[in-house]
Amino acid sequence: MASFELVEPTNLQDAFALLDDEDPAVRPFGGGTALMLMMKAQLFKPVRLVSLRLLGQQFDGIALSADKSSFRIGAMTTFSQLEHSAEIATYLPVITKTMRTLANVRVRNVATIGGNLAHGDPHLDLPPVWLALGAKALIINKTGERLIPVEEIFAGYYETTLEQGDLIAELHVPVRPGWRSHYAKVTTRAEHDWPALGIAVSVLSEGGRVKGASLVLSAAVDRPTRLVAAENILRGATLDDAVLRAAGEAAVEEVHIETDNRGSAAYKKHLLRVHLGRAIQTVTGA
Ligand SMILES: Cc1cc2nc3c(=O)[nH]c(=O)nc-3n(C[C@H](O)[C@H](O)[C@H](O)COP(=O)(O)OP(=O)(O)OC[C@H]3O[C@@H](n4cnc5c(N)ncnc54)[C@H](O)[C@@H]3O)c2cc1C
């Protein structure tokens with residue numbers, strides 16, 4: 001492995017100065033789990049890695065607002081911290097459950113939610129869940145900041161809209177009373193394998209009638225993708241088999257699914273029809 005510089009700035013001004021370089025081989029370093037794999041595979045040869053570990057407050061911590069309507073989660077929060085947060089388990093239990101089949105303890109102890117989003121890998125488990133929950137990301141750079149829906153981070157297969165020098169600093173996640181959420185990691189081999197499909201749903205329903213729905217597909221598509229046509233079918237409908245089938249068909253029609261080593265496109269479309277319906281039934285009891 002070629003030598004490179006690993007720096008640990010203790011304030012934002014120094015971090016931005018160290019990141020201020022046109023060279024894409026200068027990158028922020030979160031937990032390093034994705035970066036190290038890319039470096040070992042010689043897919044990425046860094047010149048300088050800028051650790052965000054010592055940047056402090058804005059990048060750390062899980063805070064529930066006083067009125068309990070939203071969470072602010074620092075981008076350097078590790079998966080383990082999310083997994084063991086009692087407040088997350090109470091207000092966003094879908095996150096705690098998603099952790100059970102996500103990587104392993106060693107990875108969860110260091111991988112960060114910022115690095116997980118910035119990596120842009122469509123197979124990752126948490127990004128579709130953040131989308132379904134309606135989360136926003138605070139992006140900062142040396143000239144300012146912007147708060148964007150998490151889905152706007154993704155531009156394609158391992159591609160993001162983040163510019164050189166942009167840092168994901170925080171996630172803002174609403175707590176939506178009455179909404180129930182579920183993530184289905186659909187694997188075709190072992191439970192801990194990479195998913196052939198990730199399906200995240202968040203639904204508000206009353207007496208079988210759907211009042212709001214966020215449905216997201218990942219892994220089978222090039223980026224986590226809202227299933228807008230399927231959402232439109234659900235919204236206002238009283239759930240029955242025909243509505244669930246129509247939503248599944250709409251979902252299959254609105255996305256482009258490729259064949260890969262986790263299954264043919266036809267097989268994955270079939271999985272989508274079946275598992276989207278099951279995920280909706282899980283959260284609505286229909
Ligand atoms: C053995 C193994 C098993 C795994 N299994 C799973 C699994 O089952 N499910 C799953 O979802 N994932 C899995 N992962 C992937 C893991 O989720 C990612 O590697 C991890 O989320 C990346 O986070 P990180 O903090 O380590 O990122 P890093 O490796 O530090 O960085 C990744 C990318 O993000 C950039 N970056 C980091 N932080 C920021 C920031 N705050 N702002 C802007 N850019 C930033 C870096 O420059 C780099 O380009 C696995 C990984 C390993 C090694």
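Indexing begins at 1, ligand by ligand and atom by atom, following the structure's order. Just so we're clear, the structure is a prediction, and the values are computed from it rather than from any experiment.
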query: Just heavy atoms, cut-off under 4.0 Å: does Arg106 contact ligand 1 by side chain, backbone, both, or neither?
result: neither

- request: Determine whether the side chain, the backbone, both or neither of Leu37 has a heavy atom under 4.0 Å from any heavy atom of ligand 1.
  value: side chain

- prompt: Quick one: which of Phe154, Tyr158, Tyr157 gives a ring pair (Phe, Tyr, Trp, His ring centres under 6.0 Å) with His119?
  reply: Tyr158

- request: Quick one: look up the protein heavy atom nearest atom 9 (N) of ligand 1 and list residue, atom name and how far away it is.
  value: Asp125 OD2, 2.6 Å

- prompt: Is there any N or O on Asp166 that sits under 3.5 Å from an N or O of ligand 1?
  reply: no

field: Salt bridge present between Glu231 and Arg235 (N-O < 4.0 angstrom)
entry: yes

task: Output the distance between atom NE2 (His270) and atom CG (Leu197), rounded to the nearest 0.5 Å.
output: 11.5 Å

statement: of all protein heavy atoms, closest to atom 41 (N) of ligand 1 is Ile168 O, 3.0 Å

message: For the 3.5 Å polar cut-off, considering only N or O atoms, please tell me whether Pro28 and ligand 1 meet it.
response: yes

query: Which pair of non-hydrogen atoms, one from Arg48 and one from Leu18, has the smallest distance, and what is that distance?
result: NH1-O, 2.5 Å

- prompt: Got the closest protein heavy atom to atom 14 (N) of ligand 1, with its distance?
  reply: Trp194 CH2, 3.5 Å

field: Ser202 and Ser214 side chains, donor-acceptor separation under 3.5 Å
entry: no

Rounded distance [0.5 Å steps], CG in Leu244 versus CG in Leu276: 8.0 Å

message: To the closest 0.5 Å, what do you measure between CG (Leu171) and CG (Leu117)?
response: 5.5 Å

task: Report the nearest protein non-hydrogen atom to atom 37 (C) of ligand 1: residue, atom name, distance rounded to 0.1 Å.
output: Gly115 CA, 3.4 Å

message: Using a plain distance cutoff, I'd like to know if Leu35 has any nitrogen or oxygen under 3.5 Å from a nitrogen or oxygen of ligand 1.
response: yes

task: Could you tell me whether Ala34 and ligand 1 have an N or O pair separated by under 3.5 Å?
output: yes

field: Per atom 25 (O) of ligand 1, closest listed option by heavy atom (Thr112, Leu55, Val26, Thr77)
entry: Thr112

- request: Just need the protein heavy atom nearest to atom 34 (O) of ligand 1, so name the residue and atom and give the distance.
  value: Ala118 CB, 3.3 Å

query: Can you find an N/O atom of Leu126 closer than 3.5 Å to an N/O atom of ligand 1?
result: no

statement: d(Lys97 NZ, Leu92 CG) to nearest 0.5 Å is 11.5 Å

- prompt: Is Arg146 salt-bridged to Asp166, cutoff N-O under 4.0 Å?
  reply: yes

field: ring-ring contact (aromatic ring centres under 6.0 Å, His included) pairs, two or more places apart, involving residues 44-103
entry: none

Contact atoms of ligand 1, heavy-atom distance to Phe79 under 4.0 Å: 17 (O), 21 (O)

query: Taking N or O atoms only and a 3.5 Å limit, does Ala103 qualify as a polar contact for ligand 1?
result: yes

- request: Establish, from distance only, whether the side-chain atoms of Thr98 and Asp125 form a donor-acceptor pair under 3.5 Å.
  value: no

- request: Report the residue from Leu167, Leu147, Ile148 that forms a side chain to side chain contact (heavy atoms under 4.5 Å, CB included) with Leu138.
  value: Leu147

- line: Nearest non-hydrogen protein atom to atom 16 (C) of ligand 1, with distance, is Thr33 OG1, 4.1 Å

- prompt: So, is Gly32 polar-close to ligand 1, with some N/O to N/O distance under 3.5 Å?
  reply: yes

statement: Here the atoms of ligand 1 under 4.0 Å from any heavy atom belonging to Val107 are 1 (C), 2 (C), 51 (C), 52 (C), 53 (C)

task: With rounding to the nearest 0.5 Å, note down the distance linking NZ in Lys269 to CD in Glu253.
output: 7.0 Å

task: Would you check whether Met38 reaches within less than 4.0 Å of ligand 1, judged by its heavy atoms?
output: no

message: Just to confirm my output: which protein heavy-atom neighbour is closest to atom 40 (C) of ligand 1, and how far is it?
response: Leu52 CD1, 3.7 Å

message: Between Glu8 and Phe29, does the side-chain contact (heavy atoms from CB on, under 4.5 Å) criterion hold? Intermediate values first, please.
response: CA-CA 9 Å; Glu8 293 197 311; Phe29 184 96; over 6 Å; no

- request: Would you mind checking which non-hydrogen protein atom is closest to atom 12 (N) of ligand 1, with the distance to 0.1 Å?
  value: Leu124 CD2, 3.3 Å

- request: Examine Arg27 against ligand 1 and note whether any of their N/O atoms are separated by less than 3.5 Å.
  value: yes

message: Any nitrogen or oxygen of Gly31 lying under 3.5 Å from a nitrogen or oxygen in ligand 1? Just yes or no.
response: yes

